[in-house]
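A, B, ... follow the sequence lines: proteins, then strands. Residue 1 opens every chain.
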There are 4 protein chains.
Amino acid sequence: MSTSVAVGEDVAAALSVSTTFLSPLPDEGGNAVDYRNPERHVYSRYTTQNSTRVEHILSQVTDGLALTYSSGLAASYAALVFFKPKRIAITAGYHGCHAMIEVYRKAAPDVKVIKLDDDFESGDLCWVETPLNPTGESRDIQYYADKVGGKLIVDSTFGPPPLQYPFKHGADCVLHSATKYFGGHSDLLAGVLVVRTKEEWDILHNDRTYMGNTMGSLESWLLLRSLRTFHLRLPRQSETATALVQWLQKIALTPAGQSFEGIAGGVLTKVFHSSLQGTDARGFDPRTQMTGGWNATFSIQPATSLGGVESLVEYRASWDPTSDPRAVRISVGIEDLEDLKADIRQALGLVQVKSKL
Amino acid sequence: MSTSVAVGEDVAAALSVSTTFLSPLPDEGGNAVDYRNPERHVYSRYTTQNSTRVEHILSQVTDGLALTYSSGLAASYAALVFFKPKRIAITAGYHGCHAMIEVYRKAAPDVKVIKLDDDFESGDLCWVETPLNPTGESRDIQYYADKVGGKLIVDSTFGPPPLQYPFKHGADCVLHSATKYFGGHSDLLAGVLVVRTKEEWDILHNDRTYMGNTMGSLESWLLLRSLRTFHLRLPRQSETATALVQWLQKIALTPAGQSFEGIAGGVLTKVFHSSLQGTDARGFDPRTQMTGGWNATFSIQPATSLGGVESLVEYRASWDPTSDPRAVRISVGIEDLEDLKADIRQALGLVQVKSKL
Amino acid sequence: MSTSVAVGEDVAAALSVSTTFLSPLPDEGGNAVDYRNPERHVYSRYTTQNSTRVEHILSQVTDGLALTYSSGLAASYAALVFFKPKRIAITAGYHGCHAMIEVYRKAAPDVKVIKLDDDFESGDLCWVETPLNPTGESRDIQYYADKVGGKLIVDSTFGPPPLQYPFKHGADCVLHSATKYFGGHSDLLAGVLVVRTKEEWDILHNDRTYMGNTMGSLESWLLLRSLRTFHLRLPRQSETATALVQWLQKIALTPAGQSFEGIAGGVLTKVFHSSLQGTDARGFDPRTQMTGGWNATFSIQPATSLGGVESLVEYRASWDPTSDPRAVRISVGIEDLEDLKADIRQALGLVQVKSKL
Amino acid sequence: MSTSVAVGEDVAAALSVSTTFLSPLPDEGGNAVDYRNPERHVYSRYTTQNSTRVEHILSQVTDGLALTYSSGLAASYAALVFFKPKRIAITAGYHGCHAMIEVYRKAAPDVKVIKLDDDFESGDLCWVETPLNPTGESRDIQYYADKVGGKLIVDSTFGPPPLQYPFKHGADCVLHSATKYFGGHSDLLAGVLVVRTKEEWDILHNDRTYMGNTMGSLESWLLLRSLRTFHLRLPRQSETATALVQWLQKIALTPAGQSFEGIAGGVLTKVFHSSLQGTDARGFDPRTQMTGGWNATFSIQPATSLGGVESLVEYRASWDPTSDPRAVRISVGIEDLEDLKADIRQALGLVQVKSKL
């Protein structure tokens, strides 16, 4: 119930839009602004009331120093400008990130792209997305932190706090598309980079000021509003997804000719999710990394293409023609578990019908 | 009075915020979207209702194909990524642009920066800002178009349409900070690049999609709203500035010991503005370039530092310690001319008093 | 160029949304708030930063004390609650106002409605709309001010400042639908009452606080933004409408069988506008009332129903089945005069064709 | 995962602001709009995309037909206009409601105000607020439904669904200040009336259209956004409040001279909350009415004035000088229970110190 506002001040933040703020006269010598904790704002491309406030909250929840961007890819691009890698080690994951790297290479054509399993050298930037889009499976952050000769950035979009804390496992920088879980209402684009030190933050802030890829004013305000329910939304999404995955796994394990809760075995080939990974050959158990709950996005592979489930489902093949056309990514929201089951039950029923035809 | 809306549709555009739009299923084959004229929207980092609408209007008024960005500097940075210059020729002008080039050089350290009066080579990008910030004087676009071996970009922020049309004088690309005159209410950050061909626009759009430096949703909507009064605002600002410059020039030409309208001669050393430039040694007359009116921003140099005029005035020295501390940039808004005169009269009176002390 | 903001403060107002503001503790005795000039805000149903700011600007431009409401009709209803009339004298004008009176009479069924030409008594509220919706013709405010035994309210929606100042002609209260000219972008609903004294304002404010019909937060902010261009928009609309009326009047005066600028005489029966009224039988010349320019809304009566002109045109008969189905109201915006002429020329051409069939 | 949007449509609703919508021509005969399920919108004072959508969702969750207003008091005032009572039976509760009735009585001075325990007659409107502001104690809806000769309205602001369903206990109309729990972010003013039949809804809609007390456009959109997390927020607030009340009750029951968890007995005189009421003399047990959880607002009465707890606490005496200056209302949000306990522990510690001085 404590508050930092003064008598007469707004309890809910105003949507600040001003690009300019009244400057002191030159002889008032007011130039040395600490942009992370500004006593006054100068120009909205530098800082605004709401973006500063959002960055402080995000810093608290991510255990680092956060900076916001106009989108997740803008944050990704800014990370490349910051790290100036000689090579980027990346395998699969979000397709937009690969396209972003190609745009970066227009300015820096000598930068090479290698795979995560290739040998690393000094000057490499290791780019680990975990849990991975679209499968929702986890990668071992500590393994890559130990392996990398250069720096390790973790795209933690699918594993926001409190699910996992990449800095604990050796990350140098953490990336989030705030469009996804921090925003959580499908109504804002924003990106976040989190670093460990004020020196790094200051460089990123300077770069952002002059690359001009700042978050919009409504996006800042909505993100602030979204963060007020983040501690309710994310646990619910994690719990519902985990229960749904367990239920789907039972369907997947049902042999053809048998049925589970009235659903014919064989309609579902495989379910992908961190919770189903188990310990891998190198000894990595996702349980030790995702200590705050499992991710809310996962994938399934029906026996035939799944037609009829719409809103939160993405066909990877829509984006990437090399993908298995049956693979489907499911992002679980704050809906009721039983409603989701009913929708999937209906869709799988259609699969069953199709596969009989 | 014609309209493109259907019965029951909004007369004023809604503020669209959705990041995602319902996708067709893969077998509906709905992937080939023309992002300049999208029949449907896919993801707001690609296109949105309002940004597309704004870009169409800006294309009409700039006689080219316009694309929007999160800020003027974001547009500037995107231009460098697009042109991939070996060298950038630039002299003075907006300080932020020079800082932006330095950030670009982090990825591309081999890129050299030369002066506009240096000899040009193939692969050069000639960066001409006109009218120039902060003086408000014009540069000869055609001269640089003829001289350049590579490409010519014109930062036309201080000369928006109908004041000048840089494509008519040989520009390859036109840049605007829409934060200034297109926005016009100090409440939005946005940038614009205008190119000549759909091929160029498509490349810029692809780059923007993956650099993620898109304009915010409220910024899009406010820019659309601003453009509805642009044809009233800009002519008024141009006319008022021009009248003010003529009045100030009379003050500047008044010798010490005499007075003009009660203002002592000698308080004002010089007035800078396109309208006062006349024809230069190379034969360039700004009148032939600024065919739609003079710019609304100009500079004055008082005999001593001007203290007391605040809101629309910028001391260059606040930003650039190498500047003359007396130089003052004045951005004229849609205020009444006589109100502006009264404010300046008062400020110059203070100058007079100071210089007597 | 003077400003009331402090160093570091926003140059453009933020969109304040907070409903509650931090209260002082009881023993700080902070209860006596002057709601017209609040040092602090208490609850947004009382005052907000932007609505207070808007009300101060509207007070300046209307030469009174202004209060805002959720719509023009909300302001109208509040006027009835304030004046508690025994009878309301009103003839024709905006249909919504008549419907509003009927809703008011649900609580106060004894209140009678009479015509403006009926004899007046003490306790009457005389309701004069001028210029009148939809014809755009003026009524003589001073005449009704002299005649009324009770109070005179003027709905000045179609004659905002500087077109006319009803207080100069004896009005007790002035009403505006700010949705129309003050807002001016078809994107906000708001109403305004203007009174002469702080005592009246305080009563209206108390009523509004407990009737709860306050303007929305975005509406407040957009109205503030709209007022920054009001001095450019309204004169342009007035000038364009007046020129258009003169042009249409020439068409109306062209006999059948002749033509004007290629338009057949006889297609237009009549044009209604203050500028065409002349001096009436009682000696009222609208010129003496509309000293700041003619209104931007007027009506025409084509020979047959006008089909094909859409966006700014309203068929009175859509609302009021007793109206002449041919009558058309035209609200002139800030478009180009020649574009409007072209649209009307085309529509009248269709009339001509229809009337030949 | 089902959705009602078409391919290419927004997944998150746009913020619609348009006041006007393109009308069909008169001969298209498009006038008969069902304003509860409009196929098209006509004017935003009638309906808008978002307010219609919000009203449908609120209708679903309240088991009735909901209509929105510019504030809770605007909804309250509209209820009086609708019911046209001869007498209003009301005792204590929200002070603003009593002030609203006084404003209503300016138009209808013959309307009398009686107490809930007075005898009822035909034509009475029984106004029951439950749980009651500020104590958070419940009143027996069914008792008043049986007693009333006229109509029963229940102000259910402190008991939104699923906490209680007043229609099940005989209410004729249910009122909510959506500013409180439906909105839930302190950033919007809105009110809701819920009735049982379409006939009643149509009358209320007609009244609202002409009283003009519609909800603002941002308020509509934010309320829609708020409702997406309502099913997470309200249960959390209810659970936290109930746990807090139980903890406070233990403190209140601790005799002076003893202590509970380090807090001295005697600092807290009394705790008020539905969960502590038990069965009353007439046999009413709040448990049978609040079947979905206890309310999130309650009151405490410390031994001396409580100084130091700020943000969510309201001193009744700030508003009502007749109140006990020690009484404090506590609205529990979605904060962590232990944080709230820590704040209260500290405040009560100060009480203890004060009472020793």
Side-chain angles (χ1 to χ4, degrees), chain A residues 1-7 9-15 179 183-189 218 221-222 224-237 239-240 244 306 308-314 318 328-337 339-347, chain D residues 1-7 9-15 179 183-189 218 221-222 224-237 239-240 244 306 308-314 318 328 330-347:
Chain A
M1 279 185 278
S2 68
T3 172
S4 62
V5 294
V7 167
E9 279 189 15
D10 300 16
V11 166
L15 200 177
T179 308
H185 292 72
S186 303
D187 56 11
L188 68 93
L189 285 181
L218 181 58
W221 187 82
L222 287 176
L224 194 59
R225 194 184 202 259
S226 290
L227 289 172
R228 296 183 63 181
T229 55
F230 179 67
H231 67 297
L232 299 181
R233 290 184 286 108
L234 191 73
R236 174 66 62 95
Q237 289 175 271
E239 288 157 21
T240 305
L244 201 59
L306 189 77
V309 178
E310 285 163 335
S311 121
L312 302 166
V313 155
E314 185 192 276
S318 307
V328 168
R329 188 189 77 180
I330 299 179
S331 299
V332 174
I334 52 180
E335 308 90 338
D336 188 71
L337 173 62
D339 289 347
L340 293 169
K341 279 186 181 175
D343 281 345
I344 292 177
R345 188 188 301 272
Q346 187 185 13
Chain D
M1 277 187 281
S2 68
T3 173
S4 62
V5 294
V7 167
E9 279 189 15
D10 301 17
V11 166
L15 200 177
T179 308
H185 292 72
S186 302
D187 56 12
L188 68 93
L189 285 182
L218 182 58
W221 187 83
L222 287 176
L224 194 59
R225 194 184 204 258
S226 290
L227 290 172
R228 296 183 65 181
T229 55
F230 178 67
H231 67 299
L232 299 181
R233 290 185 286 107
L234 191 73
R236 174 66 60 95
Q237 289 175 272
E239 288 159 20
T240 305
L244 202 59
L306 191 76
V309 178
E310 284 164 336
S311 119
L312 302 167
V313 157
E314 185 192 275
S318 306
V328 168
I330 299 179
S331 299
V332 174
I334 53 179
E335 308 89 338
D336 188 73
L337 174 62
E338 295 308 318
D339 290 348
L340 293 170
K341 280 187 181 173
D343 281 346
I344 292 177
R345 187 188 302 273
Q346 188 184 12

Q | D:R233 versus chain A, the contacting section by heavy-atom distance below 4.5 Å | A |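 For D:R233, backbone and side chain are both near chain A.
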**Q.** Part of D:L188 within contact of chain A (heavy atom distance under 4.5 Å)
**A.**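 Looking at D:L188, just its side chain touches chain A.
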Q: Taking the side chain as every heavy atom from C-beta outward, state whether A:L232 and D:I334 have any pair of such atoms under 4.5 Å apart.
A: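 Yes, their side chains come closer than 4.5 Å.
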Q | Side-chain heavy atoms of D:L222 within contact of A:R225, under 4.5 Å | A |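 Yes, at least one pair of side-chain atoms sits under 4.5 Å.
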**Q.** Separation of A:R236 CZ from D:R236 CZ (nearest 0.5 Å)
**A.**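 D:R236 atom CZ to A:R236 atom CZ measures 9.0 Å (nearest 0.5 Å).
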(Q) Quick check for you: among A:S226, A:G184, A:A342, which has the greatest number of heavy-atom pairs under 4.5 Å with chain D? (A)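 Among A:S226, A:G184, A:A342, the one with the most close pairs to chain D is A:S226.
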Q: Taking A:R228 for its side chain and D:H185 for its backbone only, find out whether a donor-acceptor pair lies under 3.5 Å.
A: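 Yes: the side chain of A:R228 pairs with the backbone of D:H185.
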Q.
For a quick test of reading the model, state the closest non-hydrogen atom pair linking A:S186 to D:A12 and the distance between them.
A.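 Nearest pair, atom of A:S186 first, then D:A12: O-CB, 3.4 Å.
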